[in-house]
Every structure is written in C-alpha cells, then in structure tokens.
Amino acid sequence: MLTDCNFLFKKNFLKDRNHTRFLLKKYVFIDLLNFEKVLKNDLLKKINNINIPFQDNLILVNEVNNNTIYEINTNKIQDIFINFFNKEISCFNVAQKSNIKKAKKNLNISSKDILINRNKALMLAKKINVNYLLYNSIYEKHKQLYMQLQIIVVNSKEIILEDNMLIGKLEN
C-alpha cells in the first residue's frame, strides 16, 4: 500500500543514437510500518540498556541524512523517530520544532538546511540546550538500505549508542 511505504526512484540515463539522454526511473519501496517495528523491537531495547538519568533529558532528533542516490522522504522518517521517542522512550523529551526553528534563525542557518553535517547539528543542539543528539543517515549496501544512527552526548560529543539497522531492500 503506497501510504505505508516511502516511494523512491533511482535516476538512470540512457542515450539514443543521437547521444540524447533519456531519464528512466527504477522504482523501489521502504515499508515504513516495518521500520516502526524495527525501532520498537531493536532500538528500544538498546536505548533501555544505556545508563541515562530519567530527568531533564532533551534530545534533538536531527533530520535524516540521505547518503543514497534515491529520493527518500526523510521528513516522514524523522517524524517516525520523533513519535517513537515521544511515545516509547520515557527518559528523553524531544526538542520542539519551534525552538529548533528559532535557533536556526539565530545561528543564520537556513530553514531548508537539513543539517547533514554532524558538527553543525551539535552546534544547533548546544544552542537549544539539549543534552543528546540523535544523528542518523541512510545508506545503500548490496541492494539493501540501512540506517546508521548515533545518540551523542552534546557536551562531550561522546557516542553512547551506535547502530546500523536494515530498513529496506531494493526491488525492481
């Protein structure tokens, strides 16, 4: 069902006899419902095993870094992370989007900047006074899509959790 999946396409070009390029599209899908199950089953256990104090822990859920050649609706994936932290993880409170927007403006960061740079994300996290940063990226390996995620202590830059999760397979 298309509403449950992220629609992706890979850009492929062919040349005809006149060396004119044509854009062909190869369609692939990520099942976002399965992604939510992976978060609940795997990530929840790993986060619960980290020794995090249970008070005043703000986390910045960074925009998802897309390191693939596919167009991916990373905003939807970020929303899944935010909902996951709000509903399932009691030791974190997610930083509000309005505070993030204000901090970006104060730091002269464009609202369209997706903060793919970890240092810039840490700078923003310090500006809004959060304790932790969830930094994540999607990459492709052997026709499979993975998400690498890190939970970083903002002040020390210590990575307290790092994981690579299989989130989808590329199918023709």
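The residues of the chain are indexed from 1 along the displayed sequence. Worth saying up front: this structure is predicted, and the values here are computed from it rather than measured.
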Item to check | Pair Gln148-Tyr146, side-chain donor/acceptor within less than 3.5 Å | outcome: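 The criterion, which ignores hydrogens and geometry beyond distance, is not satisfied for Tyr146 and Gln148.
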
Under a 4.5 Å cut-off applied to non-hydrogen side-chain atoms, are [X] and [Y] in contact?
X      : Y      : result
Asn86  : Phe92  : no
Phe81  : Asn136 : yes
Tyr135 : Ile159 : no
Asn83  : Glu36  : no

Checklist entry - Does any N or O in the side chain of Asn62 come within less than 3.5 Å of the main-chain N or O of Ala121, such that one atom is a donor and the other an acceptor? => result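 Answer holds: no.
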
Item to check | Step-by-step side chain to side chain contact (heavy atoms under 4.5 Å, CB included) determination, Leu124 to Leu107 | outcome: CA-CA 8 Å; Leu124 179 63; Leu107 293 169; 4.0 Å; yes

Between [atom1] of [X] and [atom2] of [Y], what distance do you get to the nearest 0.5 Å?
X      : Y      : atom1 : atom2 : value
Ile138 : Asn67  : CD1   : CG    : 9.0 Å
Tyr132 : Asn93  : OH    : CG    : 12.0 Å
Thr74  : Asn65  : OG1   : CG    : 9.0 Å
Ile82  : Ile77  : CD1   : CD1   : 12.5 Å
Met165 : Asn41  : CE    : CG    : 11.5 Å
Thr68  : Lys141 : OG1   : NZ    : 15.5 Å

Item to check | Audit row: Glu63, Lys104, salt bridge (Lys or Arg N to Asp or Glu O under 4.0 Å) steps and yes/no | outcome: CA-CA 13 Å; Glu63 287 92 347; Lys104 279 184 172 183; 3.3 Å; yes

Item to check | Sole residue of Asn131, Ile152, Val130 in side chain to side chain contact (heavy atoms under 4.5 Å, CB included) with Leu60 | outcome: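 Only one of Asn131, Ile152, Val130 forms a side chain to side chain contact (heavy atoms under 4.5 Å, CB included) with Leu60, namely Val130.
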
Next on the checklist: Are more than 12 heavy atoms, taken from residues, nucleotides or ligands other than Lys46, located less than 6.0 Å from that residue's NZ atom?
Outcome noted: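 Enclosed: over 12 neighbouring heavy atoms sit under 6.0 Å from NZ of Lys46.
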
Next on the checklist: Hydrophobic clusters here meaning ILVMFWY residues chained together by side-chain heavy-atom distances under 4.5 Å, can you tell me if Tyr70 and Leu166 are in one?
Outcome noted: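 In one cluster: no.
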
Next on the checklist: If you apply the rule side-chain hydrogen bond (donor to acceptor under 3.5 Å, both in side chains), what do you find for Asn164 with Tyr139, and how did you get there?
Outcome noted: CA-CA 10 Å; Asn164 290 289; Tyr139 64 95; 3.1 Å; yes

